[in-house]
**Student:** 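The structure is given below, and queries will be raised subsequently.
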Amino acid sequence: GTADCNDACPNNAQKWNSVGDCGCMATVEFDTDGDGVVDCAEHCTADPNKLLPGVCGCDVPDVDTDGDGTLDCNDACPNDALKWESAGDCGCHMPEGDIDGDGTPDCTDNCPLDPNKIAAGWCGCGTSDADSDGDGTRDCDETCDNDPGKTAPGVCGCGTPDNDTDGDGTLDCDEECDNDPLKTAAGICGCGTLDDDTDGDGTADCN
């Protein structure tokens, strides 16, 4: 109904007043996403928030939520400004610190202040689980950790057994005559010999 001389698109019956935004080849000028820009003039026809794919592509906003300089679509922790390449061993929002320098991050180290342990073990953080004297009792559970024969000092102390060899009721460490059940000190006659004065003359029999 419009003469070619007055028709902006003489080969397109759907257009005559103007070529529109999409040119004469386009029959209808759709705006699929309703963003006010016709489909032919944008690359993201189904995304009302973008005309071009940008960095993240259509349907994904090019935003940097945590302001770390890495867009959310490329950020392993989009809400953590201190992490972007990966969540690390500790995950987002958890620092990768290693206070004790033992090579295990604090988040997986149950003894973060003990460089020799990552778990409390038997004796707890800060205390070795060693058994120095090999007596089956850990050093942290005994006071004689270098004496395999004792776990506590007892009467005679670490390194000295609490034996009573002669069975006289006095421990060897407290007497001179540990093989003489009748004497605890050498006296005049020495261990093994009584300090008797049979005739009562003031001189011991041994002399």
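The figures here come from the full heavy-atom set of this structure, side chains too, leaving out hydrogens, waters and symmetry mates. Nothing fancy with the numbering, it's 1 onward along the sequence.
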**Student:** Please step through side-chain contact (heavy atoms from CB on, under 4.5 Å) for the pair C90 and E96, ending with a clear verdict.
**Tutor:** CA-CA 6 Å; C90 299; E96 301 285 320; 3.3 Å; yes
**Student:** Quick one: are K117 and D129 in side-chain contact, heavy atoms under 4.5 Å?
**Tutor:**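 SC-SC contact between K117 and D129 confirmed.
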**Student:** Using modelled atom types only, decide if a donor and an acceptor are shared between the side chain of D102 and the backbone of N116 within a distance under 3.5 Å.
**Tutor:**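 No, D102 side chain to N116 backbone: no donor-acceptor pair under 3.5 Å.
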**Student:** If you define the side chain from C-beta out and look only at heavy atoms, does anything of D205 sit under 4.5 Å from D197?
**Tutor:**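 Yes, their side chains come closer than 4.5 Å.
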**Student:** Shortest non-hydrogen contact from V60 to C73?
**Tutor:**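 V60 and C73 have their closest heavy atoms at CG1-CB, 4.0 Å.
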**Student:** Any chance you could measure D59, atom CG, to K50, atom NZ, to the nearest 0.5 Å?
**Tutor:**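 So the CG of D59 and the NZ of K50 are separated by 8.5 Å.
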**Student:** For a side chain to side chain donor-acceptor pair (under 3.5 Å) with T65, tell me which candidate from D72, D75, N79, D80 qualifies.
**Tutor:**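 The passing option is D72.
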**Student:** Measure the CG-CG distance between D131 and D139 for me, rounded to the nearest 0.5 Å.
**Tutor:**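 Taking CG in D131 and CG in D139, the distance rounds to 6.0 Å.
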**Student:** Grab the two heavy atoms, one from M94 and one from C107, that are nearest each other, plus how far apart they are.
**Tutor:**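 That would be CE-CB, 4.0 Å.
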**Student:** For K183, is there an ion pair with D166 - N to carboxylate O distance below 4.0 angstrom?
**Tutor:**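 No, this pair does not count.
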**Student:** When rounded to the nearest 0.5 angstrom, what distance separates CG in D178 from OG1 in T170?
**Tutor:**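 Reported value, rounded in 0.5 Å steps: 11.0 Å.
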**Student:** With a cut-off of 3.5 Å and sequence neighbours excluded, list every side-chain donor-acceptor pair involving residues 148-157.
**Tutor:**
unit_1: K150; atom_1: NZ; unit_2: P153; atom_2: O; d: 2.6
unit_1: K150; atom_1: NZ; unit_2: G157; atom_2: O; d: 2.9
unit_1: K150; atom_1: NZ; unit_2: T160; atom_2: O; d: 2.8
unit_1: K150; atom_1: NZ; unit_2: D162; atom_2: OD1; d: 3.0

**Student:** Are the side chains of E142 and D147 in contact, using a 4.5 Å heavy-atom criterion?
**Tutor:**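 They are not in contact (no side-chain heavy atoms under 4.5 Å apart), so the answer is no.
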**Student:** On a heavy-atom basis, which atom in C92 and which in A87 lie closest, and how many Å separate them?
**Tutor:**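 Where C92 meets A87 most closely, the heavy atoms are N-CB, 3.9 Å.
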**Student:** Within the distance-only criterion (no hydrogens, no angle test), does the side chain of T108 pair as donor or acceptor with the backbone N or O of P105 below 3.5 angstrom?
**Tutor:**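 Yes; judged by distance alone, with no hydrogens or angles, the pair exists.
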**Student:** Side chain of D196, backbone of T198: donor and acceptor closer than 3.5 Å?
**Tutor:**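 Side chain of D196 to backbone of T198, a donor-acceptor pair under 3.5 Å: no, none is there.
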**Student:** Using 0.5 Å steps for rounding, measure from the SG atom of C58 to the NE2 atom of H43.
**Tutor:**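 Answer rounded to 0.5 Å: 8.5 Å.
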**Student:** Closest approach of S132 and N146, non-hydrogen atoms and distance?
**Tutor:**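 In this case the closest contact between S132 and N146 is CB-OD1, 4.0 Å.
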**Student:** Any chance you could measure D39, atom CG, to T32, atom OG1, to the nearest 0.5 Å?
**Tutor:**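 Those atoms lie 3.5 Å apart.
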**Student:** Check whether any side-chain heavy atom of I99 lies under 4.5 Å from a side-chain heavy atom of L113, and answer yes or no.
**Tutor:**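 The answer is yes; the side chains approach within 4.5 Å.
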**Student:** For L71, which fellow cluster members are found when Ile, Leu, Val, Met, Phe, Trp and Tyr are connected by side-chain heavy-atom distances below 4.5 angstrom, either directly or through intermediates?
**Tutor:**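 Cluster partners of L71: V55.
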**Student:** Any chance you could pull the hydrophobic cluster mates of L194, using side-chain heavy atoms under 4.5 angstrom and chaining through other members?
**Tutor:**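 Noted: L194 shares its cluster with L182.
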**Student:** So, taking the atom named CG in D172 and the one named OG1 in T165, what distance separates them when rounded to the nearest 0.5 Å?
**Tutor:**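 If we round to the nearest 0.5 Å, D172:CG and T165:OG1 are 3.0 Å apart.
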**Student:** Using every non-hydrogen atom in the two residues, find where D64 and G69 come nearest and quote the distance to one decimal.
**Tutor:**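 Looks like OD2-N, 2.7 Å.
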**Student:** Are the side chains of E42 and D31 in contact, using a 4.5 Å heavy-atom criterion?
**Tutor:**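 Yes; the side chains approach each other to less than 4.5 Å.
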**Student:** Would you mind reporting whether L51 and D35 have side-chain heavy atoms less than 4.5 Å apart?
**Tutor:**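 Contact flag for D35/L51 side chains = yes.
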**Student:** Identify the two heavy atoms, one from S128 and one from C123, that lie closest to each other, and give their separation to 0.1 Å.
**Tutor:**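 Heavy-atom minimum between the residues: O-SG, 3.4 Å.
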**Student:** Could you walk me through whether K83 and D68 satisfy the side-chain contact (heavy atoms from CB on, under 4.5 Å) test, starting with their C-alpha distance in whole Å, then the side-chain angles of each, then the deciding distance to 0.1 Å, before giving a yes or no?
**Tutor:** CA-CA 8 Å; K83 292 184 174 183; D68 60 2; over 6 Å; no
